[in-house]
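Report on the following structure.
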Protein chains: 2
Amino acid sequence: MSSTEDRLDDLLGYHLRRGQLRAFGAFAELLAPSGLTPMLYGVLATVAARPGDGQRDIAAALGADPSTMVRLIDQLEGRGLLRRVTHTTDRRTSVPTLTAEGRALLEHATPLVHASEERFAAALSAAERAQLLRLLRRLDGAAVPEPGALSSG
Amino acid sequence: MSSTEDRLDDLLGYHLRRGQLRAFGAFAELLAPSGLTPMLYGVLATVAARPGDGQRDIAAALGADPSTMVRLIDQLEGRGLLRRVTHTTDRRTSVPTLTAEGRALLEHATPLVHASEERFAAALSAAERAQLLRLLRRLDGAAVPEPGALSSG
DNA sequence: TATTGTTATACTCTATAACTATA
DNA sequence: TATAGTTATAGAGTATAACAATA
């Protein structure tokens with residue numbers, strides 16, 4: 001009723017957190033068997049999307065710390081989903097590269113991820129989901145700066 | 001091609017997470033001096049909004065675990081922002097109750113929280129923010145997965 | 001001297017299970 | 001027997017700082 005009761009309900013941050021928890025939960029329900037967390041899936045997808053990028057670039061694209069990325073890459077490499085390939089000209093840089101298994105798992109997981117999205121966003125119509133996605137992209141700002149990319153929202 | 005590069009950019013969960021991180025960061029920038037985290041603010045606001053509720057109810061309202069709530073209440077009580085008042089008829093129940101200091105801090109913090117929202121959502125117009133809030137509320141409104149049901153790994 | 005990746009470490013947040021005291 | 005709160009503990013997840021190899 002009064003402003004006292006609505007303090008949290010009026011906050012984007014509050015609902016963003018709750019929405020993310022729901023999204024994470026739905027992800028876990030469908031993808032637990034694959035052993036993938038949202039972050040591990042994000043790494044696989046980003047490695048696939050940015051071939052040739054070093055770990056630091058992958059980390060930056062995901063908003064993660066380089067030392068955090070080491071552990072994530074360790075996990076994925078330990079499961080044979082990717083390999084660290086030394087960069088052709090800069091031997092400091094290791095380029096995460098998907099193995100056949102990694103690519104297969106990514107292809108297997110992606111429809112499950114979309115299914116989890118449809119599950120936790122079932123309260124919204126397709127048009128509303130698209131609208132929500134559009135607004136969230138704008139919120140993120142210029143999303144991930146990609147080499148040679150175009151837009152600016 | 002596009003399906004490969006857009007795997008993450010098409011996901012609500014991905015953008016919800018990034019949005020929440022942005023919200024959390026903006027909150028920290030403005031609220032760090034107060035010593036409040038988003039969750040601690042949420043507890044204060046919920047205690048204010050639900051006088052007479054026990055810790056378990058407060059926890060449920062925030063989607064948190066009862067044992068997690070103990071620690072949060074501990075922190076707030078240790079700083080003199082609330083007190084545990086034994087329930088009138090059920091002596092098992094402790095009712096978190098704001099002190100004058102707690103209420104004052106809540107009143108002080110709330111405009112700062114709104115300022116942090118305006119900061120991290122600056123890319124959106126007022127109408128877009130309202131629309132985003134509506135959609136996120138609808139998302140939250142659907143059956144909330146229980147806290148324990150999510151993490152079975 | 002700067003940069004990439006790595007390691008060691010610590011800190012935060014949260015959940016699980018066992019325990020207490022009430023009911 | 002069931003419930004509210006608590007405790008101890010463990011598991012993610014992440015960040016900071018120091019270090020080695022390379023540029």
Side-chain angles (χ1 to χ4, degrees), chain A residues 17-18 20-25 27-28 31-32 35-43 47 50 52-78 82-97, chain B residues 17-18 20-22 24-25 27-28 31-32 35-43 47 50 52-78 82-97 145-153:
Chain A
R17 170 181 169 272
R18 294 187 71 102
Q20 193 231 326
L21 287 178
R22 287 176 59 84
F24 199 103
F27 188 106
L31 292 169
L36 289 179
T37 63
M39 194 50 160
L40 287 173
Y41 176 80
V43 174
V47 166
R50 305 173 71 116
D53 274 16
Q55 291 184 198
R56 183 172 292 265
D57 301 307
I58 305 295
L62 285 165
D65 190 89
S67 71
T68 299
M69 191 53 52
V70 171
R71 299 199 141 195
L72 294 165
I73 298 286
D74 280 350
Q75 291 179 61
L76 296 171
E77 190 177 38
L82 56 75
R83 280 189 314 246
R84 285 172 162 100
V85 177
T86 301
H87 192 275
T88 328
T89 63
D90 187 340
R91 297 172 44 79
R92 293 174 304 183
T93 304
S94 92
V95 178
T97 308
Chain B
R17 171 181 168 272
R18 293 187 72 102
Q20 193 230 325
L21 286 178
R22 288 175 60 86
F24 199 104
F27 188 106
L31 277 294
L36 289 180
T37 63
M39 195 50 162
L40 287 174
Y41 175 80
V43 175
V47 167
R50 304 171 72 118
D53 274 17
Q55 291 183 198
R56 183 171 292 264
D57 301 307
I58 305 295
L62 286 164
D65 190 89
S67 71
T68 300
M69 191 53 52
V70 172
R71 299 201 141 191
L72 294 165
I73 298 285
D74 279 349
Q75 292 179 60
L76 297 172
E77 190 177 38
L82 56 76
R83 280 189 315 244
R84 285 172 162 101
V85 177
T86 302
H87 192 277
T88 329
T89 61
D90 188 339
R91 296 172 45 78
R92 293 175 303 183
T93 303
S94 92
V95 178
T97 308
E146 296 144 26
L150 316 182
S151 63
S152 58

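Just so it is clear, the structure is predicted and the values come from calculations on it, not from any experiment. In what follows, every heavy atom counts, from backbone to side chain, and hydrogens, waters and symmetry copies are set aside.
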*Check for a donor-acceptor pair, side chain of B:Thr97 on one end and backbone N or O of B:Val95 on the other, with a separation under 3.5 Å.*
yes
_From CG of A:Asp57 over to P of C:dG5, roughly how many Å is that when rounded to an integer?_
7 Å
*Between A:Leu40 and A:Leu76, is any pair of side-chain heavy atoms under 4.5 Å apart?*
yes
*What integer distance in Å separates B:Ile73:CD1 from D:dA4:C1'?*
13 Å
*Do B:Glu77 and B:Arg84 sit within salt-bridge range, that is, some charged N less than 4.0 Å from a carboxylate O?*
yes
*What is the distance from CD of B:Glu77 to C1' of D:dT6, rounded to the nearest Å?*
13 Å
*Rounded to the Å, how far apart are B:Met69 CE and D:dT7 P?*
15 Å
_Distance, rounded to the nearest Å, where A:Arg56 contributes CZ and C:dT3 contributes C1'_ = 7 Å
*For B:Thr68 and B:Met39, run side-chain contact (heavy atoms from CB on, under 4.5 Å): C-alpha distance rounded to whole Å, both residues' side-chain angles, the deciding distance at 0.1 Å, then the answer.*
CA-CA 11 Å; B:Thr68 300; B:Met39 195 50 162; 5.6 Å; no
_Within-4.5 Å side-chain heavy-atom neighbours: A:Met69 and A:Leu62_ = yes
*Are the side chains of B:Leu21 and B:Arg18 in touch, meaning some heavy atoms are under 4.5 Å apart?*
no
Check the interface with nucleotides 19-22 of chain D: list each N/O to N/O pair with the protein under 3.5 Å, or write none.
{"unit_1": "D:dT22", "atom_1": "OP1", "unit_2": "A:Arg91", "atom_2": "NH2", "d": "3.4"}

What protein N or O atoms touch nucleotides 7-14 of chain C N or O atoms at under 3.5 angstrom, if any, and at what distances?
none

*Check the pair B:His87 / B:Ser94 against side-chain contact (heavy atoms from CB on, under 4.5 Å), numbers first and verdict last.*
CA-CA 6 Å; B:His87 192 277; B:Ser94 92; over 6 Å; no
*Could you walk me through whether B:Ile73 and B:Val43 pass side-chain contact (heavy atoms from CB on, under 4.5 Å), step by step?*
CA-CA 8 Å; B:Ile73 298 285; B:Val43 175; 3.9 Å; yes
*Whole angstrom value for the distance that separates P of C:dG5 from CZ of A:Arg84*: 9 Å
